[in-house]
Colleague: 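Structure provided below as structure tokens; questions to follow.
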Amino acid sequence: MDWQKELMLCQEIAKVGKRLWQDGLVAHNDGNISAKIDNDWILITPSGVNKGALKPYQIIKIHLQNGRIEGNSKPSLETPIHLAIYEIRSDVKAIVHAHPPYATAFAAAGIALMEPVFPEMIVRFGEIPLVSYATPGTERLAEMVAEVIQDHDAALLQNHGAITVGRNLEEACGLMEALEWTAKVLWLAKALGNAIPLSPSEIARLFSMRPKPAQ
Ligand SMILES: [Zn+2]
């Protein structure tokens with residue numbers, strides 16, 4: 001294993017934790033972040049740690065095949081979600097789970113972010129579906145999230161929060177910020193009384209501009 005890559009990823013995860021916390025996308029000890037080192041190992045944030053104060057040495061290592069855990073504390077409660085996604089999407093190298101306020105409000109109201117209002121949203125996400133509620137930390141929730149993430153890079157988790165994936169930590173974190181921006185501005189537009197959807201031909205054009213999924 002490449003220890004330099006591992007160290008760099010631990011530092012990057014800590015930076016992403018601070019960014020999410022500073023942006024108000026996670027509160028207290030909420031949220032979790034992971035990244036793939038290679039085909040055998042992932043790094044994941046520990047349970048019960050404030051993401052704004054997360055240190056690189058606190059990050060836990062998990063073996064994808066045999067489940068071996070290396071680290072000084074317990075891995076995140078939502079580890080099953082991360083493992084289920086890495087198993088199903090070989091192109092995913094990083095995952096961010098957070099509780100962004102506006103996106104989580106949509107999730108609490110049971111509303112997926114499917115309205116085709118913003119061009120960037122369509123090009124980036126296509127759509128942001130809603131995963132039905134299951135108890136946090138359970139295999140059931142992990143299965144349901146993986147099923148949706150199989151065809152999407154972002155989803156809302158009903159009564160809970162949101163999840164984004166990427167080819168690296170920067171992408172997964174950036175998508176979480178973009179997801180929250182979408183929810184916030186859609187909320188504001190609705191408060192003004194209208195969020196005008198793009199025309200079907202424009203939606204089709206934007207969908208054709210989406211990067212093709214890696215297989
Ligand atoms: Zn959560």
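Every number for a ligand or one of its atoms is a count from 1 in the order of the listing.
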Colleague: Let me check something: any side-chain donor-acceptor pairs from residues 125-148 under 3.5 Å, sequence neighbours excluded? List them with distances.
Modeller:
{"unit_1": "Glu127", "atom_1": "OE2", "unit_2": "His152", "atom_2": "NE2", "d": "3.2"}
{"unit_1": "Thr138", "atom_1": "OG1", "unit_2": "Thr135", "atom_2": "O", "d": "2.6"}
{"unit_1": "Thr138", "atom_1": "OG1", "unit_2": "Leu141", "atom_2": "N", "d": "3.2"}

Colleague: Would you be so kind as to tabulate the donor-acceptor pairs closer than 3.5 Å made by side chains of residues 110-118, with sequence neighbours excluded?
Modeller:
{"unit_1": "Glu115", "atom_1": "OE1", "unit_2": "Lys190", "atom_2": "NZ", "d": "3.4"}
{"unit_1": "Glu115", "atom_1": "OE2", "unit_2": "Lys190", "atom_2": "NZ", "d": "2.7"}

Colleague: Return all side-chain donor-acceptor pairs below 3.5 angstrom for residues 52-60, not counting sequence neighbours, or 'none' if the list is empty.
Modeller:
{"unit_1": "Lys55", "atom_1": "NZ", "unit_2": "Ala53", "atom_2": "O", "d": "3.2"}
{"unit_1": "Gln58", "atom_1": "OE1", "unit_2": "Lys55", "atom_2": "N", "d": "2.8"}

Colleague: Name the residue from Lys51, His82, Glu78 that meets the side chain to side chain donor-acceptor pair (under 3.5 Å) definition with Asn32.
Modeller: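 By the side chain to side chain donor-acceptor pair (under 3.5 Å) criterion, Asn32 pairs with just one of Lys51, His82, Glu78: His82.
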Colleague: Could you state whether Ile95 and Ile88 fall into the same hydrophobic cluster, counting links through intermediate Ile, Leu, Val, Met, Phe, Trp or Tyr residues with side-chain heavy atoms under 4.5 angstrom apart?
Modeller: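 The answer is no; the residues belong to distinct hydrophobic clusters.
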Colleague: Between Arg89 and Asp153, is the closest basic N to carboxylate O distance under 4.0 Å?
Modeller: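 A salt bridge is present here (some side-chain N lies under 4.0 Å from a carboxylate O).
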Colleague: Closer than 2.8 Å to the Zn ion (ligand 1), what protein N/O/S atoms do you find?
Modeller: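 Protein N/O/S atoms under 2.8 Å of the Zn ion (ligand 1): His97 NE2, His99 NE2, His160 NE2.
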